[in-house]
Amino acid sequence: MKNIYDLIIVGGGPAGITAGIYAARQNIKLLLIAKELGGQLGEKAVAIENYTGFESISGMELIKKFENHLKKQKIGLEEGEVIKIEKKEGVFLITTKEKKEFESKTVIVSSGADPRPLEVPGEKEFIGRGVSYCVLCDGPMFSGKIVAVIGGGNAGFEAAIFLAQITKKVYILEFGEQVKADTENQERVGKMENIEIITQAASKEIKGTQFVESLIYQDRKTQELKTLKTDGIFVEIGNQPATSFLGGLVDFNERDEIKVEFEALQTKTPGLFAAGDVNVGKYKQIITACGEGAKAALATYDYLLKLK
Ligand SMILES: Cc1cc2nc3c(=O)[nH]c(=O)nc-3n(C[C@H](O)[C@H](O)[C@H](O)COP(=O)(O)OP(=O)(O)OC[C@H]3O[C@@H](n4cnc5c(N)ncnc54)[C@H](O)[C@@H]3O)c2cc1C
């Protein structure tokens, strides 16, 4: 008889781990596949102050607690990167980069999101040598230096506020005519003398020798190319949901987030559910990801009962 799982969860962040804990209680044949357990917070030394029950806990510590809880459950864990999901004759076929194949009656996609890249020359070359996507992880390395934050939304402003306290000067570059951060963040930035906002700035190239030395941007008002001397560049232009393996099984919105129906978090393909940062939604947090993981696992169980 074929080894078909009842449920395979793709992703091991807060959403996937919570889905795993809930699904394991349903006594079903269950596997969780993840590139690595922990997700976005797995290796980040950020302080979490908004997860119920913990006044302040580091991201790494919280994730460790999640992992320990998961590992006490009856669940198979597979380290791997899913590269394809297909549905054939009512069964999902999941292929990993490590050339393994798995079959399942249902799937929960909880593969989260990666930072959206700038896509300019020099960006990839200088990752880890001045280009960063995580201010809280890499910011302290730029103590006393000049840095640029690309993106004038809340993420960019919060990054700039953090950096302004340790660096000499922070530039915020915003592509549009006006920044998009909320009033509170704008007021906080307004009070910091070493933050300068440049609007209508289109980043064009990152230059340097061993480390980043400058950012070339186009002033969209005058079309003039300008050089900004900077030691570090923090890219804060949003996240890219990790969904490349899904093909036509789901619909996406304009931000490439998976569209799900509200009640059960099911995608347009029956038996395929999605939870966490990968989904449509403005508020992407640990607690919301966990909530969606729980919801998707309970909905999957209802779906499986109806299959019998
Ligand atoms: C610097 C930083 C600070 C933050 N601070 C807070 C905070 O203070 N409070 C808060 O509530 N939230 C915070 N967040 C947001 C929070 O981390 C996310 O909302 C949450 O991690 C989303 O969980 P998730 O499970 O949906 O996705 P993720 O955490 O992104 O997990 C995705 C999982 O999927 C796996 N994966 C991805 N692609 C594949 C694939 N193809 N195959 C197999 N596995 C795959 C990954 O390895 C990972 O295990 C912060 C985020 C960052 C980056």
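Basis for what follows: all heavy atoms, side chains included, without hydrogens, waters or symmetry-related copies. For ligands, and for the atoms within them, numbers begin at 1 and follow the listed sequence.
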K.L.:
Using a distance-only test with no angle check, is there a side-chain donor-acceptor pair under 3.5 angstrom linking K29 and N3?
P.N.:
yes

K.L.:
Does any N or O atom in A34 lie less than 3.5 angstrom from one in ligand 1, N or O only?
P.N.:
no

K.L.:
Closer than 4.0 Å to some heavy atom of E36 - which atoms of ligand 1 meet that?
P.N.:
47 (O), 48 (C), 49 (O)

K.L.:
Heavy atoms only: which of E79, E78, Q285 lies closest to atom 13 (C) of ligand 1?
P.N.:
Q285

K.L.:
Under 4.0 Å from a heavy atom of I48: give me the atoms of ligand 1 that qualify, with their elements.
P.N.:
6 (C), 7 (C), 8 (O)

K.L.:
Taking only heavy atoms of G39, which atoms of ligand 1 are found under 4.0 Å from at least one of them?
P.N.:
28 (P), 29 (O), 31 (O), 48 (C), 49 (O)

K.L.:
Heavy-atom contacts under 4.0 Å between Y51 and ligand 1: side chain, backbone, both, or neither?
P.N.:
neither

K.L.:
Are any of the N/O atoms on F245, whether in the backbone or the side chain, positioned under 3.5 angstrom from an N/O atom of ligand 1?
P.N.:
no

K.L.:
Does ligand 1 come near enough to P14 that some N or O of the ligand is less than 3.5 Å from an N or O of the residue?
P.N.:
yes

K.L.:
Between K226 and D219, does at least one N-O distance fall below 4.0 Å, as a salt bridge requires?
P.N.:
yes

K.L.:
Just let me know how N50 lines up against ligand 1, side chain, backbone, both or neither, with a heavy-atom cut-off below 4.0 Å.
P.N.:
side chain

K.L.:
Show the atoms of ligand 1 that are less than 4.0 angstrom away from any heavy atom in S110.
P.N.:
32 (C), 33 (C), 34 (O)

K.L.:
Indicate yes or no: does an N/O atom of V82 lie under 3.5 Å from an N/O atom of ligand 1?
P.N.:
yes

K.L.:
So, is the end of the K169 side chain (NZ or CZ) under 6.0 Å from the ring centre of Y171 and within 45° of the ring's axis?
P.N.:
yes

K.L.:
Which is it for E67 and K64 under the salt bridge (charged side-chain N to carboxylate O under 4.0 Å, His left out) test, yes or no, and what are the steps along the way?
P.N.:
CA-CA 5 Å; E67 272 185 49; K64 202 75 221 152; 3.4 Å; yes

K.L.:
Could you tell me whether R220 sits above the aromatic face of F175, with NZ or CZ closer than 6.0 angstrom to the six-membered ring centre and within 45 degrees of the axis?
P.N.:
yes

K.L.:
What atoms of ligand 1 come within less than 4.0 Å of a heavy atom belonging to G276?
P.N.:
26 (O)

K.L.:
N279 and side chain to side chain contact (heavy atoms under 4.5 Å, CB included): which partner among V109, I258, N253?
P.N.:
I258

K.L.:
State the atoms of ligand 1, each with its element, that fall below the 4.0 Å cut-off from a heavy-atom position in A113.
P.N.:
30 (O)

K.L.:
Does K65 qualify as a cation-pi partner of F54, given the criterion of NZ or CZ under 6.0 Å from the six-membered ring centre and within 45 degrees of its axis?
P.N.:
no

K.L.:
Donor-acceptor pair, distance only, cut-off 3.5 Å: does the side chain of E123 make one with the backbone of E119?
P.N.:
yes

K.L.:
For the CD1 atom of I233 and the CD1 atom of I206, what is their distance to the nearest 0.5 Å?
P.N.:
4.0 Å

K.L.:
What part of A289 sits under 4.0 Å from ligand 1 if we count only heavy atoms: the side chain, the backbone, both or neither?
P.N.:
side chain

K.L.:
Might you point out which heavy atoms bring I9 and S110 nearest each other, and give the distance in Å?
P.N.:
CG2-OG, 3.7 Å

K.L.:
Any heavy atom of G80 sitting closer than 4.0 Å to ligand 1?
P.N.:
yes

K.L.:
Can you name the nearest heavy-atom pair linking L77 to L37, along with the distance?
P.N.:
CD1-CD1, 4.5 Å

K.L.:
Can you find an N/O atom of A15 closer than 3.5 Å to an N/O atom of ligand 1?
P.N.:
yes

K.L.:
Which of the listed options, E292, K35, E158, holds the heavy atom that is closest to atom 44 (N) of ligand 1?
P.N.:
K35

